[in-house]
Amino acid sequence: MSGGAGVPEGAIAVFGGRSEIGVEVARRLASGRRVVLAVRPGSDAAGARAAVLAAGASAVEVVDFDADDTASQEGVVAGIEASGLIGVAVLAFGVLGDQELAERDAAEVVRILHTDFVAQASLLTVLAARMRQRASGTLVAFSSVAGQRVRRLNYVYGSAKAGLDGFANGLADALHGSGVDLVVARPGFVKGRMTAGMKPAVFSSTPAQVADAVVRRIRQGGAPELWIPWQLRPMFGVARAVPRPVWRRMPR
């Protein structure tokens, strides 16, 4: 199944507007466009705003967005679209969480799953319903290779990404033929603020490299699933066949 090629008309909205990947995607799509950075209330988005303006955006707005407050998502999106429709929506928020804490504290499990799966699925639904009505728009969801076969050392985060990956792929199928495109990005280890201090895994990438791949896919179209880098696709095809006793000892 192929997604629609080209960047739809309308604003570029980044939910998680201080995210390194989100800002890099916005910068690549910003020229002559209105860009909306939706950030957690109280966050300092001055650096992200300046970076997107420098990339040629016609205007950059910063709006409050608490991803975990799912009841407010419809209102946030409606507020953004009151000044012009969203052409591309990038869902760039998420948490790694504390795996060790999660193994003894159910509240940490709920926190991770809520942000990385429930809040994402909720916002995708809100945005997809609006875009389907006008038969235009592109959605970008960030899954992860961590969800392709969940590992012992980060199974809570991995299971959230597995759920999101399944949801987003199902939604992509539901949107087929509607004029709405959904990109399900599956990056490997990304070297950035979120992973600072962690040992990079094989086939690691930078936020800029992830953004390059995402924007290329938006412009050229293609299947919903986007492995970043592409070498991870055959690698995880093999990973599914690794015996459980071996897989159990795999690092993050």
Side-chain angles (χ1 to χ4, degrees), residues 14-22 24-25 39-40 65-70 90-124 139-171 182-207 209-211 213-214 224-229 232-233 235-237 239-240 242 244 246-252:
V14 181
F15 296 89
R18 295 177 64 250
S19 152
E20 291 170 289
I21 295 174
E24 290 293 336
V25 172
V39 304
R40 183 176 291 278
F65 169 66
D66 181 351
D68 288 317
D69 183 4
T70 55
V90 182
L91 280 66
F93 60 89
V95 297
L96 279 177
D98 186 328
Q99 173 69 35
E100 290 187 9
L101 176 61
E103 292 187 25
R104 62 179 186 273
D105 185 351
E108 178 67 359
V109 175
V110 171
R111 183 181 78 89
I112 297 168
L113 295 180
H114 192 274
T115 301
D116 290 345
F117 176 43
V118 175
Q120 304 263 351
S122 174
L123 184 57
L124 282 171
L139 299 165
V140 179
F142 284 96
S143 176
S144 169
V145 297
Q148 295 306 297
R149 185 175 179 184
V150 177
R151 283 168 283 185
R152 162 69 184 90
L153 291 180
N154 66 344
Y155 68 79
V156 180
Y157 173 79
S159 63
K161 288 298 187 180
L164 175 60
D165 194 283
F167 182 92
N169 270 283
L171 178 57
L182 199 165
V183 182
V184 186
R186 290 176 181 161
F189 187 101
V190 180
K191 294 175 282 189
R193 287 195 305 262
M194 185 179 284
T195 57
M198 296 169 58
K199 182 179 178 180
V202 65
F203 296 125
S204 296
S205 56
T206 64
Q209 289 170 327
V210 173
V214 168
E225 302 94 338
L226 177 64
W227 295 82
I228 307 170
L232 289 171
R233 181 169 189 167
M235 177 178 166
F236 273 83
R240 294 186 182 96
V242 174
R244 182 176 291 273
V246 176
W247 188 256
R248 190 179 293 131
R249 298 193 295 272
M250 293 293 286
R252 177 185 290 271

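Just the heavy atoms: all of them, side chains too, but no hydrogens, waters or symmetry mates, feed the values below. Numbers here are sequence positions counted from 1.
- Nearest heavy atom pair, residue Ser19 against residue Ala92, reads CB-O, 3.3 Å.
- Side-chain contact between Leu164 and Leu124 is present, with at least one heavy-atom pair separated by less than 4.5 Å.
- For Arg111, the side chain to side chain contact (heavy atoms under 4.5 Å, CB included) partners two or more places apart in sequence, or in a different chain, are Val95, Glu108.
- Remark: Val118 pairs with His114 by the side chain to side chain contact (heavy atoms under 4.5 Å, CB included) rule, at least two apart or across chains.
- Taking the ring pair (Phe, Tyr, Trp, His ring centres under 6.0 Å) definition, one finds that Phe65 meets it with Phe15, Phe93, sequence neighbours left out.
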Quick one, Leu101 with Arg104, criterion side chain to side chain contact (heavy atoms under 4.5 Å, CB included). Give me CA distance, side-chain angles, the key distance, then yes/no. CA-CA 6 Å; Leu101 176 61; Arg104 62 179 186 273; 3.9 Å; yes
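- Between Leu182 and Ala141, the shortest heavy-atom distance links the atoms CD2-CB, 4.5 Å.
- Taking Ala185 as the reference, Phe142, Pro187, Val214, Ile228 meet the side chain to side chain contact (heavy atoms under 4.5 Å, CB included) condition, with sequence neighbours excluded.
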List the steps, then state whether side chain to side chain contact (heavy atoms under 4.5 Å, CB included) holds for Val25 with Val140. CA-CA 10 Å; Val25 172; Val140 179; 5.9 Å; no
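- Pairing each heavy atom of Asp116 with each of Ala160, the nearest pair is CB-CB, 3.6 Å.
- Atom OG of Ser122 and atom CZ of Phe167 lie 8.5 Å apart (nearest 0.5 Å).
- Contact detail for Ile21 and Ala211: the closest heavy-atom pair is O-CB, 4.4 Å.
- Taking each heavy atom of Gln148 and Asp165 in turn, the nearest pair found is NE2-OD2, 3.3 Å.
- Applying the side chain to side chain donor-acceptor pair (under 3.5 Å) rule to Glu24 yields the partners Arg27, Arg28; only residues at least two apart in sequence or on another chain are considered.
- Judged purely by atom type and a 3.5 angstrom limit, Thr115 has no side-chain atom pairing as donor or acceptor with the backbone of Ile112.
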Pair Leu226-Arg186, side chain to side chain contact (heavy atoms under 4.5 Å, CB included): steps then yes or no: CA-CA 6 Å; Leu226 177 64; Arg186 290 176 181 161; over 6 Å; no
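- With sequence neighbours excluded, no residue forms a salt bridge (Lys or Arg N to Asp or Glu O under 4.0 Å) with Arg18.
- Considering all non-hydrogen atoms of both residues, Gln99 and Val156 come closest at OE1-N, 3.2 Å.
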